[in-house]
Amino acid sequence: MKIIKSIPPKPPKNSFVALDIELFRMNPKQLHRPTSGKFAALTICSDINTVFIIQNKEDVPEVLANLDDCVWIFQNSKFDITHLRRYADIPQRKKMWDTLVIDRILWGGYFNTFSLDDLARRYLDIYIDKSLQKSFGEPKAFAGGVAGMSEEQIEYACTDAWITYQIALEQKKIMTKIDFKLWRDIDSHTIWAFMEFQGFAFDTLEWKALAERNELRWQEIDKGLSFNPHSPKQVLAYLKKTGFTDLKSTDKATLEKAIRKYPDTDAIELAKKTIESKMYRKRSGTYGANFLDNFVEQKNGVDIIIPDLHVNKAETGRIASSSPNIQNIPIRETAEFRKCFIARPGNKLIIADYAAQEPRIMAYLSQDECMIKIFQDKKDIYIEVANHTFDEKITKADDRRRQMKDIVLGIGYGLTEWGLSKRENISLKEAKFLVRSVHRFFPQASIWGEKQAAKRTYVTTIPGRKVWLNPYSNQAEKNARNSPIQGSAAEMLKLSIVRMHKE
DNA sequence: GGAGACGGCGCC
DNA sequence: AAAGGGCGCCGTCTCC
């Protein structure tokens with residue numbers, strides 16, 4: 001690998017070109033935001049013998065203009081393009097290759113790590129040392145606005161582009177037409193939509209008030225306890241000592257069961273206080289002041305939050321969110337946190353949701369006649385199953401609808417009768433009755449599930465995304481049932497996002 | 001003092 | 001033997 005410190009010459013049209021941006025002193029909580037870090041270098045590799053490096057951000061537009069008719073390769077293109085857009089105008093483009101996102105299409109469920117060193121090891125049998133990456137964050141790495149990369153750092157940065165280039169070539173050799181289509185028609189478009197997401201405006205004052213209130217609440221409870229309720233180790237020891245003699249763990253469900261099981265012990269009050277304190281700690285910790293410090297930024301005088309959205313992070317192809325995770329903002333017990341996410345000035349915030357998305361997908365995949373009929377007749381599938389099971393007409397508010405909903409969805413996940421009896425606190429006999437009733441109501445869906453569970457190598461979503469199974473895992477059968485459903489739902493959602501983005 | 005495992009818990 | 005799937009973040013604790 002020869003390193004040349006200059007703007008690269010223009011390669012032939014449609015060449016594969018790997019690009020890698022390095023930045024100094026990134027904020028680790030805001031790696032995805034263009035407000036974070038300072039330009040260190042851009043490395044460029046379009047043949048295995050040579051890597052070019054520029055260390056002046058003024059050169060970025062010229063470098064990219066030269067490469068406009070090439071296929072740009074990145075390891076995590078959303079990151080690199082977000083940051084390159086600080087220095088050059090980059091419209092949405094078709095000629096792009098993302099080694100990270102494509103490898104997840106190829107190997108979802110087979111591997112679970114996809115960092116550049118993982119891919120280098122698997123595809124090239126090259127072992128690279130990622131520890132040098134940390135050196136870019138050190139204060140001395142960027143002094144007084146003058147970029148100063150050591151020769152070691154330059155070598156490191158160039159190696160990344162060189163590796164990325166070779167990985168793309170290897171991926172190209174093994175990709176099927178369907179793999180490529182998933183990249184071209186779904187995931188690559190979703191990247192652009194996510195990259196251009198302008199975020200939410202955010203009610204910082206309200207959130208701050210919530211954080212303070214919730215912090216006071218757990219502190220008040222903890223004052224009266226002689227153990228730390230946020231330490232599972234201490235909770236377990238203390239509650240065992242005070243009455244829950246055979247307690248195994250300290251999660252909410254286990255403690256609630258113990259409260260029912262051991263009347264008249266000191267542990268009961270302590271367990272209740274522990275549960276309550278942990279709830280408020282969660283709300284003041286995960287959803288508290290840190291959230292404001294780490295993730296809220298100002299734009300045009302408005303507080304906003306822009307999360308890092310990952311197009312296929314889950315092995316099923318589902319999206320994920322981090323910094324912050326906006327997919328787990330509390331909503332079930334209180335709406336006060338979600339209310340803080342509001343429309344930016346001049347915009348409207350739209351809430352959209354699929355109705356019974358996963359059962360509909362199950363109906364499609366299994367072609368179950370009863371399920372299909374229910375959806376064609378625009379009926380509520382959970383009420384229909386409950387009516388069948390309990391042999392009477394129930395209402396939407398009836399708890400048996402919720403119970404049947406959990407079972408219908410649960411069967412898609414591989415729920416067992418044993419698991420259902422534990423969760424619903426009913427006898428094994430009752431659980432068996434409920435599960436069998438659902439299976440009898442949807443016979444073809446039931447057979448579809450069994451056929452899935454027999455698979456040993458991989459299963460697919462409707463457009464053909466592979467989810468590999470680990471045949472040695474006792475989870476394989478559950479994944480074989482669930483992944484086509486969960487994954488197909490993810491494909492639909494991403495296509496919707498892409499359409500909305502285009503609109 | 002930082003890294004990582006673990007338990008726990010928020011959401012779909 | 002285990003006993004619905006998928007995530008990300010927090011605090012505690014251990015290890016180095």
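All chains are named by letter (A, B, ...) in the order of the sequence lines, taking the proteins before the strands, and each is independently numbered beginning at 1.
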K.L.:
When you get a sec, tell me which of C:dG8, C:dG5, B:dC12 is the closest nucleotide to the side chain of A:Asn479?
P.N.:
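Out of C:dG8, C:dG5, B:dC12, the nucleotide with an atom closest to A:Asn479's side chain is C:dG5.
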
K.L.:
The side chain of A:Ser322 is closest to which nucleotide in this list: C:dG8, C:dC10, C:dG6?
P.N.:
C:dG8

K.L.:
With a sphere of 6.0 Å drawn around OH of A:Tyr458, does it hold more than 12 non-hydrogen atoms of other residues, nucleotides or ligands?
P.N.:
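At most 12 heavy atoms, drawn from other residues, nucleotides or ligands, come within 6.0 Å of this atom.
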
K.L.:
Would you classify A:Gly410 as touching base, sugar-phosphate or nothing, given that sugar-phosphate means primed atoms plus P, OP1 and OP2, and contacts are heavy atoms under 4.0 Å?
P.N.:
base

K.L.:
Between A:Thr416 and C:dG4, does any side-chain N or O lie under 4.0 Å from OP1 or OP2?
P.N.:
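Checking C:dG4 against A:Thr416, a side-chain N or O does come within under 4.0 Å of OP1 or OP2.
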
K.L.:
Between A:Thr316 and C:dG5, is there a side-chain N or O to OP1/OP2 distance below 4.0 Å?
P.N.:
no

K.L.:
Between B:dC12 and A:Asn328, is there an OP1 or OP2 to side-chain N/O distance shorter than 4.0 Å?
P.N.:
no

K.L.:
Could you tell me whether the side chain of A:Tyr280 reaches within less than 4.5 Å of the side chain of A:Leu216, counting heavy atoms only?
P.N.:
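No, too far: nothing below the 4.5 Å cut-off.
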
K.L.:
Among A:Asp380, A:Asn387, A:Thr395, whose side-chain hydrogen bond (donor to acceptor under 3.5 Å, both in side chains) with A:Arg401 holds?
P.N.:
A:Asp380

K.L.:
When the distance from NE2 of A:His439 to C1' of C:dG4 is rounded to whole Å, what number comes out?
P.N.:
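The answer, rounded to whole Å, is 12 Å.
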
K.L.:
Taking A:Glu430 for the side chain and A:Ser427 for the main chain, is one N or O donor matched with an acceptor at less than 3.5 Å?
P.N.:
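A pair under 3.5 Å: yes.
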
K.L.:
Check this for me: does any side-chain nitrogen of one of A:Arg281 and A:Glu276 sit under 4.0 Å from a carboxylate oxygen of the other?
P.N.:
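The answer is no: the pair does not qualify as a salt bridge.
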
K.L.:
Picking from C:dG6, B:dC9, C:dG11, which would you name as closest to the side chain of A:His230?
P.N.:
C:dG11

K.L.:
N/O contacts under 3.5 Å, protein versus nucleotides 14-16 of chain C?
P.N.:
| unit_1 | atom_1 | unit_2 | atom_2 | d |
| --- | --- | --- | --- | --- |
| C:dT14 | OP1 | A:Lys233 | NZ | 2.9 |

K.L.:
Would you measure the distance from the P atom in B:dG8 across to the matching atom in C:dA3 and give it in whole Å?
P.N.:
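Taking atom P in both B:dG8 and C:dA3, they lie 16 Å apart.
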
K.L.:
Describe the nucleic acid contact of A:Glu417 in one word from base, sugar-phosphate, nothing, applying a heavy-atom distance below 4.0 Å.
P.N.:
nothing

K.L.:
Establish whether the base of C:dG5 is bridged to the side chain of A:Asn482 by a donor-acceptor pair shorter than 3.5 Å.
P.N.:
no

K.L.:
For a quick check, tell me whether the side chain of A:Arg318 and the base of B:dC12 share a donor-acceptor pair closer than 3.5 Å.
P.N.:
yes

K.L.:
Considering only side-chain heavy atoms of A:Lys29, which listed nucleotide, C:dC10, C:dC13, C:dG8, is closest?
P.N.:
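Per side-chain heavy atoms of A:Lys29, the pick is C:dC10.
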
K.L.:
Answer yes when A:Glu477 and A:Arg456 have at least one side-chain N-carboxylate O distance shorter than 4.0 Å, and no when they do not.
P.N.:
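Here A:Glu477 pairs with A:Arg456 in a salt bridge, since their nearest N and O are under 4.0 Å apart.
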
K.L.:
Classify the nucleic acid contact of A:Leu409 as base, sugar-phosphate or nothing, counting any heavy atom under 4.0 Å across all strands shown.
P.N.:
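A:Leu409: no heavy atom of the nucleic acid under 4.0 Å.
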
K.L.:
Provide the closest heavy-atom pair for A:Thr316 versus A:Val467 in the form atom of the first, atom of the second, distance.
P.N.:
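Reported closest heavy-atom pair: CA-CG2, 4.0 Å.
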
K.L.:
When we call it a touch if two heavy atoms are under 4.0 Å apart, what does A:Ser483 touch: a base, just sugar-phosphate, or nothing?
P.N.:
nothing

K.L.:
If we take the P atom in both C:dA2 and B:dG7, what is their distance in whole Å?
P.N.:
14 Å

K.L.:
With a cut-off of less than 4.0 Å, is there a side-chain N or O of A:Lys422 near OP1 or OP2 of C:dA3?
P.N.:
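The answer is no; no side-chain N or O of A:Lys422 sits under 4.0 Å from OP1 or OP2.
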
K.L.:
Confirm from the modelled atom types if A:Lys282 and B:dC9 form a donor-acceptor pair under 3.5 Å, side chain to base only.
P.N.:
yes

K.L.:
Is the CZ atom of A:Arg440 crowded by more than 12 outside heavy atoms at less than 6.0 Å?
P.N.:
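Check fails, neighbour count at 12 or below.
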
K.L.:
Check whether any side-chain nitrogen or oxygen of A:Lys313 sits under 4.0 Å from OP1 or OP2 of C:dC7, and answer yes or no.
P.N.:
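So the side chain of A:Lys313 is outside the cut-off, no N or O lying under 4.0 Å from OP1 or OP2 of C:dC7.
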
K.L.:
Select one nucleotide: of C:dC7, C:dA3, B:dC12, the one nearest the side-chain heavy atoms of A:Arg332.
P.N.:
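Selected nucleotide (nearest to the side chain): B:dC12.
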
K.L.:
Compare the minimum distances between each of B:dG8, C:dG5, C:dC10 and the side chain of A:Thr250, then state the nucleotide with the smallest one.
P.N.:
B:dG8

K.L.:
Over all strands shown, is A:Asn228 touching base, sugar-phosphate only, or nothing at heavy-atom distances under 4.0 angstrom?
P.N.:
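The answer is sugar-phosphate, as A:Asn228 gets under 4.0 Å only of primed atoms, P, OP1 or OP2.
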
K.L.:
Inspect the contact between A:Asp308 and A:Lys29 and indicate whether a charged nitrogen and a carboxylate oxygen are less than 4.0 angstrom apart.
P.N.:
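Here A:Lys29 does not pair with A:Asp308 in a salt bridge, since their nearest N and O are not under 4.0 Å apart.
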
K.L.:
Among C:dC7, C:dA3, B:dG8, which nucleotide sits nearest the side chain of A:Ala320?
P.N.:
C:dC7

K.L.:
Measure from CD1 on A:Ile329 to P on B:dC9 and round the result to the nearest Å.
P.N.:
18 Å

K.L.:
Below 4.0 angstrom from OP1 or OP2 of C:dA3, is there any side-chain N or O of A:Gln475?
P.N.:
no

